[in-house]
Every structure is written in C-alpha cells, then in structure tokens.
Amino acid sequence: VPSAQDKSVQRTQDKARRTRLNVVHSIVEVRDAIRRWHEEGHTVGFVPTMGNLHEGHLSLVAHARERADRVVASIFVNPTQFGENEDFDTYPRTLEEDGGKLEAAGCELLFAPAAEEVYPYGPAHTTHITVPALAHTLCGAIRPGHFDGVATVVVRLFNMVPADVAVFGEKDYQQLQIIRFLVKDLAVPIEIAGAPTVREADGLAMSSRNAYLNAEERQAAPGLYQALQDVARRVAGGESVDRAEKAALATLAGAGFRPDYVAVRGTEDLAPAKAHNRPWRVFGAAWLGQARLIDNVPVPD
Ligand code: PAF
C-alpha cells in the first residue's frame with residue numbers, strides 16, 4: 001500500500017509530467033488564465049521573481065505547489081527597486097532559460113510583463129507604496145528607496161495576478177516582513193508564505209548575485225553565513241549583542257569582506273534586539289568584490 005508520502009511524490013511527478021508552461025505578457029491574459037483556474041475550483045500559488053532563476057527560486061515554486069493546485073510565476077526586472085548606481089542595466093535577462101526551468105519545476109503559467117504594463121505612467125510618475133515601519137532600517141538604510149520600489153511593484157503584481165497565496169524566500173527576510181506588513185495593512189486578499197533559504201553545500205545562500213564572485217571570492221563567501229551563525233551562538237549563550245556584532249564585523253573585514261552591517265533584530269519589528277521583541281534574528285550584508293551578499297539566521301531561544 002503506498003504511503004501518504006509516496007502518493008504525494010506521485011502527485012508531484014504526475015503534475016510535473018503534464019505541465020506545459022504558458023507564457024503571457026499582458027494583465028488581461030494573466031487574469032484570464034487565473035480566473036479560469038478559479039472557475040475550475042483550483043487554488044493558485046504565485047512566485048514573483050526578477051528572473052535569472054536558480055535552485056532557490058525553484059524551491060519557491062515547489063513550496064507554491066505544496067500550497068496550491070496551480071502555480072504562476074512572474075519575471076520582471078523592476079526598475080524602481082534599483083538605486084542609480086546599482087546593476088539594473090546589467091542584471092541578467094534570461095527569459096528563455098528561466099521558462100525551461102519553471103516548466104521543469106512544474107510551474108504552469110509565466111507572466112512576463114513589459115515595463116509599460118507594470119508602470120503605465122512610467123516609473124518616474126508611478127504611485128509609490130512605502131512601509132515606513134520596516135523599510136528604512138538594515139538594507140533600507142543602505143539602499144534608500146529600495147523597499148519602496150519592492151513594495152510598489154509587489155502591490156501591482158498582486159493586483160495583476162489575483163492568486164491565493166504568494167511565496168517569498170527567507171533569504172530576503174526584510175523584504176518578506178515588509179510584504180507581510182503591507183498585505184495586512186492594505187487588506188490585500190492574498191496569503192503570504194515564507195520559504196527557507198536554499199544554500200550551496202558550503203552554506204552560501206543562493207543568489208543571482210553570487211555570479212558576480214570570482215573564484216577566490218566564491219571560496220570566501222560562506223564566511224558571511226558562518227559569521228552570522230557565530231553571532232547567533234554567542235548571543236544565545238549570553239554574550240552581549242553589541243560585542244557579538246562587533247566581533248562578526250571584525251571577522252568579516254579580516255576575511256576580505258566590506259561589511260554594511262551585522263545586526264541582531266526582532267524577527268517581527270526588525271528593531272534592535274530587546275527583551276520585548278524576541279525571537280531575534282541575525283541579519284548581515286557585506287560586499288565581496290563586486291557582489292553584495294545578504295543573509296540572516298535565527299537566534300535560538
Ligand atoms: O525578490 C525579488 O526577486 C524581488 O524583489 C521581487 C519580490 C520579485 C520584486 O521585484
């Protein structure tokens with residue numbers, strides 16, 4: 001008799017076999033496809049991305065498949081979340097390969113809108129969404145306007161893609177919390193699910209920007225994860241947050257990183273760690289050559 005797990009694996013394989021990816025570019029088409037799924041009684045999971053997909057993104061698709069009958073992904077390199085000197089122009093656009101990966105992962109629908117579809121008045125004239133409670137700290141303090149751009153595009157994507165649940169990775173933990181906040185605050189009718197960070201064998205969190213690392217930097221890169229884990233261990237063991245953060249900054253600098261920050265924060269409010277905002281997480285961002293790496297780990301209670 002097949003176990004429940006065997007049946008679930010079988011269902012996943014069946015679904016993967018019958019999947020053909022439908023690629024659409026307009027709001028009308030994506031809404032129409034989702035309306036038809038809903039009329040057929042299916043639930044819909046949504047994975048918003050900027051493309052250049054890796055295993056981390058595909059794990060978000062797998063999570064969406066666990067939570068919903070049908071999966072739609074979007075690929076849109078969002079101009080409003082890049083700073084002036086950031087990599088918007090050079091960000092890899094790999095739509096064809098990405099489509100193949102999504103299809104193999106069992107995603108049924110890909111929404112790849114042009115900029116005019118997402119920003120009909122142009123990015124410079126768009127209505128901005130901002131989440132001031134969470135968006136100006138950590139990466140938001142270093143990349144001013146970044147999370148306004150993320151919040152702005154995510155609200156648009158949710159309006160264009162009326163799914164039941166959307167999945168975001170915990171690697172971008174601040175982004176995930178900002179999206180949870182705005183969905184509650186603006187009563188957006190979608191459930192938000194977080195998915196654990198997918199790591200390389202040596203612990204480096206998967207990211208499109210890891211491609212910017214040369215061979216030597218790639219060897220050093222897991223040092224960020226190790227430094228954050230060390231802070232988590234020290235703080236859980238009773239060491240002061242300040243001391244543990246400073247030790248990590250020194251370790252990172254010694255290993256060739258240019259750290260932006262290492263900070264222990266409340267998981268919900270992202271404010272500095274205090275007795276009232278447990279559980280805590282350790283957040284870190286650091287440059288290694290041309291790559292800005294970010295990561296975060298929980299502090300055991
Ligand atoms: O995490 C990302 O890839 C992007 O920030 C998102 C959520 C797709 C918005 O552009």
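Please read all numbers here as calculations on a predicted model, not as lab measurements. The figures here come from the full heavy-atom set of this structure, side chains too, leaving out hydrogens, waters and symmetry mates. Every number for a ligand or one of its atoms is a count from 1 in the order of the listing.
Near P48, with a cut-off below 4.0 Å to any heavy atom, the atoms of ligand 1 are 8 (C). Close approach of ligand 1 to F168 (heavy-atom distance below 4.0 Å) involves ligand atoms 7 (C).
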*asked:* Does V262 form a side chain to side chain contact (heavy atoms under 4.5 Å, CB included) with V282? I'd like the steps, not just the answer.
replied: CA-CA 7 Å; V262 170; V282 191; 4.1 Å; yes
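With D164 as the fixed residue, the side chain to side chain donor-acceptor pair (under 3.5 Å) test singles out one of H38, R70, R67: H38.
Taking each heavy atom of V77 and F88 in turn, the nearest pair found is O-CE1, 3.4 Å.
Under 4.0 Å from ligand 1, the heavy atoms of V153 that appear belong solely to its side chain.
One side chain, Q229 or Y225, offers a donor N or O that lies under 3.5 Å from an acceptor on the other. Under 3.5 Å, the side chains of N78 and Y119 contain a donor-acceptor pair of N or O atoms.
Protein heavy atom nearest atom 9 (C) of ligand 1, with residue, atom name and distance: Q81 OE1, 3.3 Å. The closest protein non-hydrogen atom to atom 1 (O) of ligand 1 is Q175 NE2, 2.8 Å.
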